[in-house]
Asker: 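First the structure, then my questions, so here it is.
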Number of protein chains: 4
Amino acid sequence: MGSTPQARRSDTRERIQKTALDLFVSRGYEKTSLREIAEELGVTKAALYYHFKTKEDILSAISRDLGRPVDELIAWAEEQPPTMETKRELLRRYSAALASAMPIYHILQENQATLRDLAVGRELSDRVTAISRLMHAGDLEFDCRMRVASAVLTVHFGAFAPCGAAVGTVEQRRAALLDVALATLSGAPAPTMSPDPA
Amino acid sequence: MGSTPQARRSDTRERIQKTALDLFVSRGYEKTSLREIAEELGVTKAALYYHFKTKEDILSAISRDLGRPVDELIAWAEEQPPTMETKRELLRRYSAALASAMPIYHILQENQATLRDLAVGRELSDRVTAISRLMHAGDLEFDCRMRVASAVLTVHFGAFAPCGAAVGTVEQRRAALLDVALATLSGAPAPTMSPDPA
Amino acid sequence: MGSTPQARRSDTRERIQKTALDLFVSRGYEKTSLREIAEELGVTKAALYYHFKTKEDILSAISRDLGRPVDELIAWAEEQPPTMETKRELLRRYSAALASAMPIYHILQENQATLRDLAVGRELSDRVTAISRLMHAGDLEFDCRMRVASAVLTVHFGAFAPCGAAVGTVEQRRAALLDVALATLSGAPAPTMSPDPA
Amino acid sequence: MGSTPQARRSDTRERIQKTALDLFVSRGYEKTSLREIAEELGVTKAALYYHFKTKEDILSAISRDLGRPVDELIAWAEEQPPTMETKRELLRRYSAALASAMPIYHILQENQATLRDLAVGRELSDRVTAISRLMHAGDLEFDCRMRVASAVLTVHFGAFAPCGAAVGTVEQRRAALLDVALATLSGAPAPTMSPDPA
DNA sequence: AATGAATGAGCTTTCATTCAT
DNA sequence: GATGAATGAAAGCTCATTCAT
């Protein structure tokens with residue numbers, strides 16, 4: 001007694017992941033050295049190697065943790081019939097999932113050249129590819145495929161960068177872009193719109 | 001005649017740019033070392049430094065050369081009134097410009113974390129930002145902004161990655177995505193579309 | 001027992017300083033490469049960087065260690081009244097301090113052009129300047145200042161170079177030059193002297 | 001006619017020497033690169049090699065030109081009897097010669113470690129040694145040698161660095177230090193002096 | 001009288017990783 | 001559960017120098 005029941009087993013591993021994530025996001029994977037992570041945490045580099053086999057392994061763990069929602073989403077979608085309605089739902093859920101998983105995708109996004117030859121890079125981009133594949137599933141006509149592509153691009157890349165001024169909150173923008181994407185998907189115009197008020 | 005016609009004042013500088021571009025695209029900026037570039041070219045590292053002040057300077061020269069079409073496009077757009085028609089035309093031209101300038105944007109795309117703290121990185125992303133700014137120019141309503149954002153995302157990111165299967169030629173896909181983007185821009189559905197044949 | 005008694009937490013740092021000092025003295029700071037230091041010691045260049053942040057940092061550590069006597073002397077002198085007697089004593093003590101600190105001042109002396117733009121160079125020449133400043137303290141007449149200057153130059157530079165033949169031991173010469181300097185300081189002739197036996 | 005009679009033969013060689021001298025003085029010999037010299041002059045590095053065989057050769061030419069007065073002084077002194085009066089005169093003339101030759105001695109002074117293994121370095125320090133040797137010539141007693149040493153050190157090193165505050169003009173200081181040195185040489189006090197006005 | 005192009009050797013520094021303790 | 005010490009490989013860059021033109 002006196003100590004928290006079953007936690008006790010050092011939270012260092014998690015602290016490493018947290019710190020590493022922050023640095024990978026703010027400085028990039030390649031440009032973040034293990035020395036920096038260790039220093040920021042107040043431990044030695046060797047300590048990182050006690051908890052993780054390699055630098056890549058740290059990112060790998062982060063990827064597994066943060067990517068779970070998307071993995072589950074993929075698993076779910078793979079069991080649905082490839083109808084338009086499924087895809088609409090998939091897009092909605094993907095948009096939501098991205099909101100929380102953003103950091104890793106941000107890392108993937110900004111460090112593609114580096115992650116390309118790392119196993120963890122494959123893992124990450126496989127998830128994106130899987131979503132895209134599921135959105136394109138079925139015997140679609142060319143035009144339709146392009147609308148699907150546009151919708152996916154809008155939702156996926158709209159999640160990064162403050163594309164087009166800082167109007168509204170992040171959440172509002174996400175929702176609005178999702179609406180546009182859904183409209184594009186159905187080949188319908190986005191609801192209320194005045195044509196030439198530029 | 002009989003000997004190399006007009007050479008003399010060395011084409012090495014251009015050969016360096018060409019080789020560097022290839023390697024930056026295929027292996028990434030950071031992961032491409034000057035040794036590799038030099039070896040590939042059959043010269044010494046020092047030769048690179050005869051022609052360029054730094055590694056960044058090589059990328060900078062490439063950026064200037066390949067980015068010119070986009071720069072001209074921006075200059076053009078800045079002189080037009082910010083009407084919807086201007087934007088439609090801007091989007092068309094941007095789509096076309098991207099086709100040829102793709103390599104540098106690809107590099108920007110995949111090496112953001114690295115380029116972020118390089119002057120050339122700024123140069124590059126400024127161009128993208130400028131296009132986006134021009135597309136959002138004027139007193140747009142929130143919904144309209146989001147449609148603009150979607151259109152830009154579609155055209156810009158659609159130029160990279162074989163998003164959604166390899167149907168059609170690159171050129172066909174580009175044209176089709178542009179159409180989708182233009183439709184989104186106007187709030188209209190993309191022309192002929194059957195709603196649920198997924 | 002039987003194994004190296006107290007080692008364990010590595011004496012490498014000190015060995016680096018010792019070796020570096022020797023090389024800096026014999027070959028010059030700039031002309032001594034880290035490779036040389038490392039090779040001489042039988043370690044890798046990277047090992048040097050484990051113990052010191054930069055090449056300059058190695059010199060800096062040496063400077064701190066060997067410069068301490070002079071620093072203490074300066075501290076002492078700053079608390080004394082600026083009388084002639086203080087200055088005589090300061091000169092005596094400086095002469096003595098130089099004897100042990102000579103290596104670093106030798107390095108400063110012979111590498112001024114290089115050290116000029118290094119922080120450690122400032123540190124070093126500040127010490128010399130401080131002594132000079134203290135010797136000149138007070139409201140001295142011009143002639144007197146020049147005698148002080150001569151005395152300082154004699155003691156300081158007399159410590160290097162075998163100025164004027166190798167008569168007597170180093171220690172004897174040091175003592176004799178100090179006497180001459182003290183005589184100059186008081187404006188008196190150096191004690192026993194036959195005028196023209198050249 | 002129209003061109004200056006016999007000058008015509010490009011003044012580039014001299015311009016190189018002038019520029020090199022400036023840079024060697026202000027940045028140091030080692031730290032001044034041929035690129036810098038060439039750039040400053042608006043010519044190419046290869047041009048330097050048309051006029052001089054090596055970098056050292058540039059310094060060598062400078063040394064020959066500026067060192068001539070001292071060389072002549074040495075030649076003169078070698079023909080004189082080694083009397084005290086000769087030495088007094090030698091010291092006077094050396095003090096004067098230094099005033100104009102200062103730049104090269106400054107370079108020697110601040111780049112000793114580098115010049116040590118260059119032929120030109122020997123040339124330079126030989127001159128200093130020769131003066132010192134001539135000042136010590138004859139069968140001097142130990143004490144007397146030390147007074148000579150002090151006198152030489154005072155005159156030689158007094159020519160560099162603003163030793164002891166910036167009172168008077170450079171020329172005044174030089175003259176005054178010479179007086180002190182001459183007094184030391186004769187074993188007499190420097191003329192009028194109040195003993196303890198610190 | 002000078003240039004454009006290139007080289008070879010070297011430099012300081014950084015990094016991911018290992019391992020005995 | 002972690003540290004102190006060290007390594008091997010590589011990076012970007014600079015320099016004096018050469019030589020055909």
Side-chain angles (χ1 to χ4, degrees), chain A residues 8-13 16 29-38 41-58, chain B residues 7-13 16 30-38 41-58, chain C residues 7-13 16 30-38 41-58, chain D residues 8-13 16 29-38 41-58:
Chain A
R8 227 16 341 157
R9 222 156 218 81
S10 149
D11 58 334
T12 307
R13 199 185 146 92
I16 293 172
Y29 175 76
E30 189 102 325
K31 303 203 79 179
T32 300
S33 71
L34 294 188
R35 179 172 56 70
E36 278 173 301
I37 299 176
L41 263 147
V43 297
T44 52
K45 268 184 291 175
L48 306 183
Y49 278 91
Y50 176 80
H51 292 283
F52 298 92
K53 262 185 13 199
T54 64
K55 184 184 180 184
E56 183 183 354
D57 197 33
I58 300 180
Chain B
R8 232 16 342 118
R9 236 150 209 91
S10 167
D11 60 331
T12 309
R13 200 187 145 93
I16 291 171
E30 189 102 327
K31 303 203 77 176
T32 299
S33 72
L34 295 187
R35 180 174 54 72
E36 279 173 303
I37 299 176
L41 264 148
V43 297
T44 55
K45 268 182 293 170
L48 305 185
Y49 279 93
Y50 174 75
H51 292 283
F52 298 92
K53 272 204 330 226
T54 62
K55 184 184 180 184
E56 182 182 355
D57 197 34
I58 300 180
Chain C
R8 228 26 330 122
R9 234 150 211 93
S10 166
D11 59 333
T12 308
R13 201 186 144 93
I16 293 172
E30 190 104 323
K31 304 203 77 177
T32 300
S33 72
L34 295 187
R35 179 176 54 70
E36 280 173 301
I37 300 176
L41 263 147
V43 298
T44 55
K45 271 182 289 171
L48 305 185
Y49 279 92
Y50 175 74
H51 292 283
F52 297 93
K53 271 200 337 220
T54 63
K55 184 184 179 184
E56 183 182 353
D57 197 33
I58 300 181
Chain D
R8 229 11 346 156
R9 228 164 209 78
S10 154
D11 59 333
T12 307
R13 201 186 144 93
I16 292 172
Y29 175 77
E30 189 101 327
K31 302 202 79 178
T32 300
S33 70
L34 295 186
R35 178 171 56 69
E36 278 173 302
I37 299 176
L41 262 146
V43 299
T44 53
K45 267 184 292 172
L48 305 184
Y49 278 91
Y50 176 78
H51 292 283
F52 298 92
K53 265 189 5 204
T54 63
K55 184 184 180 183
E56 183 182 354
D57 198 33
I58 301 180

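By convention in this document, chain letters (A, B, ...) are assigned in the order of the sequence lines, proteins followed by strands, and residues within each chain are numbered from 1. Quick note: numbers below take in every heavy atom, side chains included, and nothing from hydrogens, waters or symmetry partners.
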Asker: Return the value, rounded to whole Å, for the distance between atom CZ of D:Arg35 and atom P of E:dA6.
Answerer: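 To the nearest whole Å, that distance equals 18 Å.
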Asker: With both distances kept under 3.5 Å, what pairs with F:dT17, Watson-Crick or G-U wobble?
Answerer: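 Paired with E:dA6.
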Asker: Provide the closest heavy-atom pair for D:Thr44 versus D:Ala38 in the form atom of the first, atom of the second, distance.
Answerer: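 Looking at all heavy atoms of both residues, the closest pair is C-CB, 3.7 Å.
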Asker: Rounded to the nearest 0.5 Å, what's the gap from OH on D:Tyr50 to CZ on D:Arg13? Could you check?
Answerer: 11.0 Å
Asker: For A:Phe52 versus A:Ile58, what's the shortest heavy-atom pair and its separation?
Answerer: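 Distance-wise, the nearest heavy atoms are CG-CG1, 3.6 Å.
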Asker: Just the rounded figure in Å: distance from C1' of E:dA9 to CD of C:Glu36.
Answerer: 14 Å
Asker: Could you please name the partner base of E:dT14, counting Watson-Crick and G-U wobble pairs only when both distances are under 3.5 Å?
Answerer: F:dA9
Asker: Below 4.0 angstrom from OP1 or OP2 of F:dA6, is there any side-chain N or O of C:Thr12?
Answerer: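 Answer yes for this pair, as a side-chain N or O of C:Thr12 is under 4.0 Å from OP1 or OP2.
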Asker: With side chains defined as the heavy atoms from C-beta onward, is the minimum distance between D:Lys31 and D:Glu36 less than 4.5 Å?
Answerer: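 They are not in contact (no side-chain heavy atoms under 4.5 Å apart), so the answer is no.
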Asker: Closest nucleotide of DNA chain F for C:Ala46 versus for B:Lys55: which of these residues is on the 5' side?
Answerer: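 Closer to the 5' end of DNA chain F: C:Ala46.
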Asker: Between C:Tyr49 (OH) and E:dC11 (C1'), how many Å, whole number?
Answerer: 9 Å
Asker: In whole angstrom, what separates D:Leu34's CG from E:dT3's P?
Answerer: 14 Å
Asker: Between atom CD in D:Glu30 and atom P in F:dT14, what is the gap in whole Å?
Answerer: 16 Å
Asker: Taking only the side-chain heavy atoms of C:Ser33 (C-beta and beyond), determine which of F:dA11, F:dT7, E:dT12 contains the nearest atom.
Answerer: E:dT12
Asker: F:dT14 P sits how many Å from B:Leu48 CG, rounded?
Answerer: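 Computing the B:Leu48:CG to F:dT14:P distance gives 13 Å.
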Asker: Just how far, in rounded Å, is P of F:dC13 from NE2 of B:His51?
Answerer: 16 Å
Asker: Can you check whether any acceptor in the base of F:dT17 is under 3.5 Å from a donor in the side chain of D:Lys45, or vice versa?
Answerer: yes
Asker: Need to verify one output field. Residue with the more 5' nearest nucleotide on DNA chain F, A:Val43 or C:Ala47?
Answerer: A:Val43
Asker: Which value, rounded to the nearest 0.5 Å, describes the distance between C:Leu34 atom CG and C:Ile16 atom CD1?
Answerer: 10.0 Å
Asker: Side chain of A:Tyr50 only, please: which of F:dG1, F:dG4, E:dC15 is the nearest?
Answerer: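 Selected nucleotide: F:dG1.
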Asker: Nearest-Å distance, CG (D:Asp57) to C1' (F:dA16)?
Answerer: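 In whole Å, F:dA16 C1' and D:Asp57 CG are 14 Å from each other.
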